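Order of the sequence lines sets the chain letters (A, B, ...), proteins ahead of strands, with each chain counted from 1. The shown structure was predicted, so the numbers you read here are calculated from the model rather than taken from an experiment.
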Amino acid sequence: MTKALMWFRYDLRLHDNLALLAASDFDEVIPVFIYEKTNSATTASDWWLHYSLEALAESIKSRGGSLIIRQGNPQLIIEELMNTFQIDALFFNRSLLSKDVLLEQELVEKYSTKTTYVKCFDDRLLFYHHKIVTKNQTPYKVFSSYWKIAKLQYITFPQNKNSSFSKDTFDSLALDDLKLIDNHHWMKKFGAYWTPGEQQAIQKFEDFIEQDLASYNKLRDFPGKQGTSDMSPYLAWGNISIRSMWYRVKRFIDEQPEHADAADSYLRQLAWRDFAYEQLAQFPDLDRVPVRKAFQHYPWAFDEDLFTAWKTGQTGYPLVDAGMRELWETGIIHNRVRMVVASFLVKHLRIPWQYGYDWFKETLVDFDTANNAMGWQWVTGSGIDAAPYFRVFNPTGQAQKFDSGALYIKRWIPELKDVPPDVIHSPQKYVAAHQISYPQPIVDHATARKLALEGFEHIKKH
DNA sequence: GAGACCTTTTT
DNA sequence: AAAAGGTCT
C-alpha cells in the first residue's frame, strides 16, 4: 500500500492538477491544505478561499476521502504529517510567490530520500518561462514581443485521473476554525455575486465561451456591458486550470473561425497573467519596490482624507467612485475601471501606489500578487513595459468614452440614477444644478494633472 | 546601430 | 499632432 501526500495551495481543484495527477499513481492520496496567515484580519480573498475549500472538501468527501485542514508553518506541518503517516511521496505545485521559493527548494531537497519521493510542479501558468527569452537569452521586458514567442509554445494538454483518497480519518481543523469569513463584515454581500469552487468555475467559463467570447474584443472595455469573463478569482485560487481554459478557447476557434480575433484577444489576456509572474520572478519585490528606481524619489503627497475618499468612492468623479463602490460591494472592479481608479490614486491624488496595492489586497476577491504588482507599477509608470508616466487618464474623458450612457455609473452610484448621462459627464455642473447629495470633485483635474507631471519632471534627474 | 514598435491617452 | 524613452530585431 503506497501513500502520497498532496499539498493543496493555489490549486484548489481536482481536474487537470499536475501535482494531484502524480499523486494519483499511488494507492492512497492524503490531501492537505495549510493556511499560513496568522494575523486575524480577513480579506476578500480569504472569503473566496473559504468557499473554495468548502467545495474542494465536498468533492474529496464524495470520493470517499477527507481534506485535512491545518494552520501554521507549512514546513513543520508537512514534516509532522510525513512522520506520522508512512508517506511514500509528497507532491505540490509551485506557488510562484517570492517568499515560497526557498521553502519549496528545501522541501524537495530535505525530504527526498531513498524511500520518499518529493516533487514540485509548474502548474499555475501556461508557459515555461525559461523557454521564452529574447535572442540574447534574457527575459522579455515588452509584452508584445513576449506574446509573439509565447503563443507558439506547446502547452501541456489537460489531463485527468481519478485519485483514490485515503479513507482514514486524520487530525484536522474544521473549516470554520480558520475564521476566513466574517459575516458581520462587508464581505457578507459577496455571496450575492459569486459562487466559488471548481464546478462553478468550469460552468461559468463554459457559459462565457458560449455566450460572450465571440464579442469579447468588442465589449470587454465597456464596464456597463457584459463583455468580460470574470474568471479572475477562480484563477487566483486555482479553481480552474489555466491550461483547460486555453484549450477550450482553442476549440472554440476551431469551431468558429470567424470569431478567431475575439478569441485570440482573450488568450492574449491570459498571457498577461503569465507575463506578470515572469516579472515577479525577475523582481521578487515587485509588489513594494518600483522597478524604475527613479520613482523612489517621486514627491508623493499622502493625505489621509483623500485616501479615504478614494477608498469609499467619494471623490466626486463618477467613474472612479463607481469603480471603488463596485469593489466594495462585489470584490471586483472591471478592468477598464481598475486602470482609471488606479491612475486617479497615483496621479490625481499623488498617493504612493503601494497604498492602492494594499487596499486591493484587502478587498479584491481576485487578488493575485503578480497581477496586482504589475498592474500598479504599470499605471504608475514605474514598471517594466509600463504606461508612459505622462499618460494621465482623464476620469471624465474615460467615462464618456467607455460608459457614455452612464449605465455602469448609475449601477453603483444610486445618487446619480436620475441624472442624464451628459450631465454626469460634466462633473462640475451637476451637483449644483440638480441638488444631489454627491460630492464635488475633491481635486481639479487640470491642476492635478499638472502637479503629477511636475512630479515626474522632478525624478528625471535620478 | 537604425528603425519599428509600444494593451488600455491626452489636449 | 505631440508627449518620450526603452526594447527588440
Partner of C:dT9 under the Watson-Crick or G-U wobble criteria, both distances under 3.5 Å, comes out as B:dA2
Under a 3.5 Å cut-off for both contacts, is B:dT8 paired Watson-Crick or G-U wobble with anything, and if yes, with which nucleotide? none
Is it the case that the ring center of [Y] lies less than 6.0 angstrom away from the ring center of [X]?
{"X": "A:W7", "Y": "A:F91", "answer": "no"}
{"X": "A:Y298", "Y": "A:W300", "answer": "yes"}
{"X": "A:F393", "Y": "A:F344", "answer": "no"}
{"X": "A:Y234", "Y": "A:W48", "answer": "yes"}
{"X": "A:F92", "Y": "A:F121", "answer": "no"}

How far, in whole Å, is B:dT11 from C:dA4 if one measures between their P atoms? 16 Å
P gap between B:dT7 and C:dA1, integer Å: 23 Å
Would you mind reading off the distance between [X] atom [atom1] and [N] atom [atom2], rounded to a whole angstrom?
{"X": "A:R449", "N": "B:dT9", "atom1": "CZ", "atom2": "P", "value": "13 Å"}
{"X": "A:K347", "N": "B:dT10", "atom1": "NZ", "atom2": "P", "value": "11 Å"}
{"X": "A:Q400", "N": "B:dT8", "atom1": "CD", "atom2": "P", "value": "20 Å"}
{"X": "A:L319", "N": "B:dT9", "atom1": "CG", "atom2": "C1'", "value": "15 Å"}
{"X": "A:R338", "N": "B:dT7", "atom1": "CZ", "atom2": "C1'", "value": "15 Å"}
{"X": "A:K450", "N": "B:dT11", "atom1": "NZ", "atom2": "C1'", "value": "15 Å"}

Check every atom of B:dC6, B:dT8, B:dT9 against the side chain of A:K401 and return the nucleotide holding the closest atom. B:dT9
Any side-chain N or O of [X] under 4.0 Å from OP1/OP2 of [N]?
{"X": "A:Q398", "N": "B:dT10", "result": "yes"}
{"X": "A:R391", "N": "C:dA3", "result": "no"}
{"X": "A:N394", "N": "B:dT11", "result": "yes"}
{"X": "A:H445", "N": "B:dT10", "result": "no"}

Only one of A:W353, A:Y357, A:F360 passes ring-ring contact (aromatic ring centres under 6.0 Å, His included) with A:W376, and that residue is A:F360
Using a 4.0 Å heavy-atom cut-off to protein, can you give one letter per nucleotide of nucleotides 4-9 of chain C, 5' to 3': B if the base is in contact, S if only the sugar-phosphate is, - if neither? B-SSSS
Hey, are A:E109 and A:K119 close enough for a salt bridge, meaning a charged N less than 4.0 Å from a carboxylate O? no
Has the side chain of A:R220 got a donor or acceptor that lies under 3.5 Å from a partner of the other kind on the base of B:dT7? yes
Check whether the aromatic ring of A:W272 stacks on the base of B:dT7, taking stacking as ring centres less than 5.5 Å apart and planes within 30° of each other. yes
